[in-house]
K.L.:
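Can you keep this structure in mind? I'll have questions shortly.
First the proteins, then the strands, lettered A, B, ... as listed; each starts at 1.
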There are 2 protein chains.
Amino acid sequence: MPERATVPEGYLEAQLLAKGVRMTRQRKAILRVIETSGEHVDAVTLLERARKLDRKVDRVTVYRTLGMLKKHGLVDELDLMHLHGGQHYYEVKPGRHHLHLACRKCGRVEELHSELLDRLEGQIKREKRFLIADIRVEVGGLCARCQSDGAKP
Amino acid sequence: MPERATVPEGYLEAQLLAKGVRMTRQRKAILRVIETSGEHVDAVTLLERARKLDRKVDRVTVYRTLGMLKKHGLVDELDLMHLHGGQHYYEVKPGRHHLHLACRKCGRVEELHSELLDRLEGQIKREKRFLIADIRVEVGGLCARCQSDGAKP
DNA sequence: TTAAGTGCAAATATTTTGCTGTCAC
DNA sequence: GTGACAGCAAAATATTTGCACTTAA
């Protein structure tokens with residue numbers, strides 16, 4: 001049961017080709033992993049999974065590809081309250097922004113779409129005349145399950 | 001012209017004493033700097049400034065003090081879209097949450113209080129039964145000034 | 001007195017850079 | 001063919017840990 005809506009396979013590749021970016025074997029593998037991971041992936045996990053598709057993917061290429069995707073506004077970078085260390089997580093930039101609720105106890109991340117967030121974006125544009133490129137809402141705390149769970153880990 | 005509302009001097013120290021945390025010369029200096037910096041400070045800047053108050057503050061003590069403050073829920077950690085590198089920024093946890101608008105061109109960070117954010121918190125609690133410990137809203141993009149500035153850096 | 005805190009050195013974690021060779025177009 | 005990309009090694013950045021010494025309460 002994937003928790004996140006995913007994106008059609010080949011979406012990122014198509015976007016990049018449309019922008020005239022070169023497509024390599026390594027990039028294809030990395031893009032495929034980002035698209036099909038039904039969760040937020042960090043660079044190390046991304047590397048592991050991409051290597052299963054193509055043994056010849058290097059760690060540096062993962063970072064460079066992520067940088068390129070950020071530059072083109074195709075992925076969002078999160079840190080999910082650094083629940084598991086200082087690394088970043090990546091997701092395909094969705095059409096509509098959403099919130100991330102990270103549970104400090106079980107580590108699960110829930111997502112929430114909200115009309116209020118859409119309206120908040122409108123307020124930022126209107127009142128601050130700020131041109132939004134990315135927006136990141138991360139909430140840390142205890143999920144419903146962990147609150148009722150008493151002391152179970 | 002400080003852009004942020006600050007907190008009464010001695011606030012953090014009082015909070016910690018009330019929690020039975022020991023107060024040292026080094027901690028006093030670090031707390032003072034966090035309270036009086038009219039902006040978000042990162043660990044390195046914090047160290048520099050704390051050293052001006054007390055030469056004997058070590059980098060490690062800064063990190064340990066920040067960790068302790070986080071644990072007690074007295075500061076919030078931000079990364080302001082990593083505009084200037086991978087480090088974190090800290091601010092005294094405010095009574096009311098606010099948004100941070102980070103301009104990718106000039107690097108300035110604006111804050112915005114919004115009733116919509118308050119309502120969003122309410123929605124999270126009600127619909128997701130999520131117990132919020134921290135909430136972080138960071139927006140990257142172009143501020144009003146940089147949009148009109150044409151090509152000036 | 002003594003548990004908690006500190007400094008110093010070293011380690012770790014994450015990401016970036018330089019350079020040389022390779023490949024997509 | 002050539003400019004963009006990849007791999008490898010090494011560096012840079014940011015933060016954490018181990019341990020012996022110091023200090024607040």
K.L.:
Reckon A/R27 touches a base, only the sugar-phosphate, or nothing at all at heavy-atom distances under 4.0 Å?
P.N.:
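Here A/R27 touches the backbone only, sparing every base.
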K.L.:
Looking at D/dC8, C/dA9, C/dT6, which one has an atom nearest to any side-chain atom of B/T61?
P.N.:
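The nucleotide sitting nearest to the side chain is C/dT6.
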K.L.:
Between B/G86 and A/R25, just flag the one whose closest nucleotide in DNA chain D comes earlier from the 5' side.
P.N.:
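Nearest-nucleotide comparison on DNA chain D picks A/R25.
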K.L.:
Base, sugar-phosphate, or nothing: which does B/V57 touch, judged by heavy atoms less than 4.0 Å apart?
P.N.:
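Contact class for B/V57: sugar-phosphate only.
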K.L.:
Can you say whether a donor on the side chain of A/R59 sits under 3.5 Å from an acceptor on the base of C/dT15, or the other way round?
P.N.:
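Looking at the base of C/dT15, it does pair with a donor or acceptor on the side chain of A/R59 (distance under 3.5 Å).
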K.L.:
Look at B/Y63 and D/dT16 and indicate whether a side-chain polar atom (N or O) is within less than 4.0 Å of OP1 or OP2.
P.N.:
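Answer is no, no contact under 4.0 Å.
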K.L.:
With DNA chain C as reference, determine whether A/A43 or A/R22 sits nearer its 5' end, using the nearest nucleotide of each.
P.N.:
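Residue closer to the 5' terminus by nearest nucleotide: A/A43.
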K.L.:
Nearest of D/dA14, D/dA25, C/dC8 to any side-chain atom of B/Q87?
P.N.:
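For B/Q87, the side-chain atoms sit closest to D/dA14.
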K.L.:
Looking at A/D58 and A/R64, is any side-chain nitrogen of the basic one under 4.0 Å from a carboxylate oxygen of the acidic one?
P.N.:
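Between A/D58 and A/R64 there is no salt bridge, as every charged N stays at least 4.0 Å from the carboxylate O atoms.
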K.L.:
With ILVMFWY side chains joined below 4.5 Å, transitively, what does A/Y63's cluster contain besides itself?
P.N.:
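None; A/Y63 is a cluster of one.
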K.L.:
Tell me yes or no: between the side chains of A/E138 and A/H82, is some donor less than 3.5 Å from an acceptor?
P.N.:
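Short answer, no.
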K.L.:
Charged N to carboxylate O under 4.0 angstrom, B/D54 versus B/R32?
P.N.:
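Between B/R32 and B/D54 there is no salt bridge, as every charged N stays at least 4.0 Å from the carboxylate O atoms.
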K.L.:
Ignoring backbone atoms, establish whether B/H88 has a side-chain N or O less than 4.0 Å from OP1 or OP2 of D/dA14.
P.N.:
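Answer no for this pair, as no side-chain N or O of B/H88 is under 4.0 Å from OP1 or OP2.
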K.L.:
At under 4.0 Å, does any side-chain N or O of B/T24 touch on OP1 or OP2 of C/dT6?
P.N.:
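Yes, B/T24 has a side-chain N/O under 4.0 Å of OP1/OP2 on C/dT6.
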K.L.:
With DNA chain D as reference, determine whether A/R64 or B/V21 sits nearer its 5' end, using the nearest nucleotide of each.
P.N.:
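The answer here is A/R64.
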